[in-house]
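Below you'll find the structure, written out as structure tokens, and then a few comments.
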Amino acid sequence: MALALKRPGVLPGFGLSMGLTLLYMAFLVLIPLGGLVLFTGARMTLAQLWQTAVVDPRVVAAYRVSFGASLLAASLNAIGGLLVAWVLVRYDFPGKRVIDASVDLPFALPTAVSGIALTTLYAHTGWIGRWLEPLGIQVAYAWPGIVIALTLIGLPFVVRTVQPALASLDQEIEEAAASLGATRWQTFRQVILPAVLPSLLTGFAMAFARALGEFGSIYFIAGNMPYKTEIAPLLILIRLEQFDYVGATGIGVVMLVAAFVLLLLINLLQAWSRRYQD
Amino acid sequence: MGGTPSRNFERAASGKIVVRGNAAIGESPPVRRLLIAAAIAFLGLLLFMPLALVFRYAFGEGLGAYLAAINEPDARAAIRLTLVAAVIAVPLNTVFGVAASWAITRFNFRGKNVLITLIDLPFAISPVIAGMIFVLLFGARGWLGPWLQEHDLRIIFAAPGIVLATMFVTFPFVARELIPLMQAQGSEEELSALTLGAGGWQIFWRVTLPNIKWGLIYGVILCNARAMGEFGAVSVVSGHIRGHTNTMPLHVEVLYNDYQFTAAFAVASLLAFVAVLTLVVKAAVERRVGSQDP
């Protein structure tokens, strides 16, 4: 009883703010998520889950597209994001503030908007697509289009995790490396890169996780051909529209598990990079 | 996801260093220019060209066609529904965000990390899965579906489902913006106010709110942009009934699939404008916060 009455702090408002938070979370998150768990538990057998979410060839193909394209997009983000972060932290140039602010655009821009814009841009009549078509490169309605759309979606993550790590880097270490005769490239590879690696991997994992769940922009650019350019979230939607709740839930459970594993990984990576920065 | 980039960025803003004029550890001017050009090209292909294209195509057939596309009844209905969803979701999520941040940053309690993880949940899961959760609960063959049908209540394929999905997808934004900010500020000022005899609400209105004002404004604006632009979750619960359950992003989809590109990009340009405005507010807020405590 004494424990229950012990106040968690001296400021007022704990009961009110905590009560409000828990009530809201319960209605919006816990009850719906509990519904999902109950649904899976009550209406699906393990065999069904296995059948709908693991061995169905169309589903397996969708996982391959989702995970493959997300991995590639996150890798592009790691390279491009490191470059953008480097330029923003190290150099001064006209328009830098605008560039810096625009990195967050994918957070605020609706995915449907970026989806139709990218599709129009990279379609064979588009501003960029028309230059790629003679070269035999098809981007829109094909695999590369999915990767480009996912790269756009994940863009802020690597930039915003690497920026502070680069900024907090002690310049004296670089000076020491230079005074010991290291070339600039050697210093980058052996001194700077290892120091920002934890942040880079955190950003990579975040971009990967975000890409896995992305739906809006892919829906427009992918062409959505079963077995070829159909992503797992789209297949969930298709199953739901057929009122195949069991099939949808199966894929959803697999994607949820993947998301939670990534969330765990990101938390571990963040703890690691914090140790580096402090 | 643990730690949004915007949170990490605060640290960058405070500790930013720009290397200038140190030959030993800088790059030569040509290398510098090359790297800057490569970075701008990367962003140009991914961000600036698509954004420019939205406005170019929206106004491609002149201002008249643009205004006609926005004024068309289905478009107006979609704008109205989007505004309704945002007007309900954003204030509720703001109140929740402030309450959750107050509880998390001003008190110690067991399970705090679990709570923070739960708040992050909508970041981690696909919006399609978020929509699916509500369909499983309220859909025709969902848990509460039969009961809802008996009482003639519609949630899925109707406005309430859209509002619910929007609330779910956008609820972390205000909290995620405030938690790191309030953690960094600490509770000393509130404790001083308490010892001077201020009441709880007095402390909140006169001490806390002025301190978190700018972060709160950005959180609300970002939450609003995401609420208006949500596609995946809303797509699952909407049923795409034109003029009834289409929000702006869904209306963009319908127009685009109908090959009405000018109209699609006209409606899309409104959403893109909200996004750009959000970034402008963010830049202004960051400058303000930066000048407050150097």
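Given the structure is predicted, the values throughout are model-derived calculations rather than measurements.
- In this structure, the portions of B:Leu92 lying under 4.5 Å from any heavy atom of chain A include both its backbone and its side chain.
- For B:Val135, the parts sitting under 4.5 Å from any heavy atom of chain A are the backbone and the side chain alike.
- Listed options B:Leu45, B:Leu279, B:Leu115 were ranked by heavy-atom pairs under 4.5 angstrom with chain A; first place goes to B:Leu279.
- Pairing each heavy atom of B:Ile129 with each of A:Gly252, the nearest pair is CD1-O, 3.7 Å.
- Here the side chains of B:Phe261 and A:Thr120 are not in contact, with every heavy-atom distance at 4.5 Å or above.
- Both the backbone and the side chain of B:Ile36 come within contact range of chain A, judged by heavy atoms closer than 4.5 Å.
- Using a 4.5 Å cut-off between heavy atoms, B:Leu118 touches chain A through backbone and side chain atoms alike.
- With a 4.5 angstrom heavy-atom cutoff, B:Tyr57 touches chain A only via side-chain atoms.
- Residues B:Ser187 and A:Leu11 have side chains in contact (heavy-atom distance under 4.5 Å, counting atoms from C-beta outward).
- B:Glu27 contributes atom CD, which lies 7.5 Å from atom CZ of A:Arg90 (distance to the nearest 0.5 angstrom).
- Of all heavy-atom pairs between B:Leu47 and A:Ser102, the closest is CD1-O, 3.3 Å.
- Heavy atoms closer than 4.5 Å to chain A are found nowhere in B:Ile221, neither backbone nor side chain.
- For a residue to count as touching a neighbouring chain, one of its non-hydrogen atoms must lie under 4.5 Å from one of that chain's; by this rule B:Leu277 does not touch chain A.
- For B:Phe168, the parts lying near chain A are the backbone and the side chain together; criterion is any non-hydrogen pair under 4.5 Å.
- For a residue to count as touching a neighbouring chain, one of its non-hydrogen atoms must lie under 4.5 Å from one of that chain's; by this rule B:Phe171 touches chain A with the side chain only.
- With rounding to the nearest 0.5 Å, the separation of CD1 in A:Ile148 from CG in B:Leu46 is 7.0 Å.
- Proximity to chain A (any heavy atom under 4.5 Å) is shown, for B:Ile104, by neither the backbone nor the side chain.
- Of the two parts of A:Leu269, neither the backbone nor the side chain holds a non-hydrogen atom closer than 4.5 Å to a non-hydrogen atom of chain B.
- Heavy-atom distances place both the backbone and the side chain of B:Leu191 under 4.5 Å from chain A.
- The candidate from B:Arg33, B:Glu253, B:Arg106 with the greatest count of non-hydrogen atom pairs under 4.5 Å with chain A is B:Glu253.
- For chain A, no part of B:Phe204 is nearby; none of its heavy atoms comes within less than 4.5 Å.
- Proximity to chain A involves both the backbone and the side chain of B:Leu271, based on heavy atoms less than 4.5 angstrom apart.
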Distance-only donor-acceptor hits, side chain of residues 222-232 of chain B, under 3.5 Å, sequence neighbours excluded:
residue, atom, partner, partner atom, Å
B:Arg226, NH1, A:Phe107, O, 2.9
B:Glu230, OE2, B:Gly232, N, 3.2
B:Glu230, OE2, B:Ala233, N, 2.9

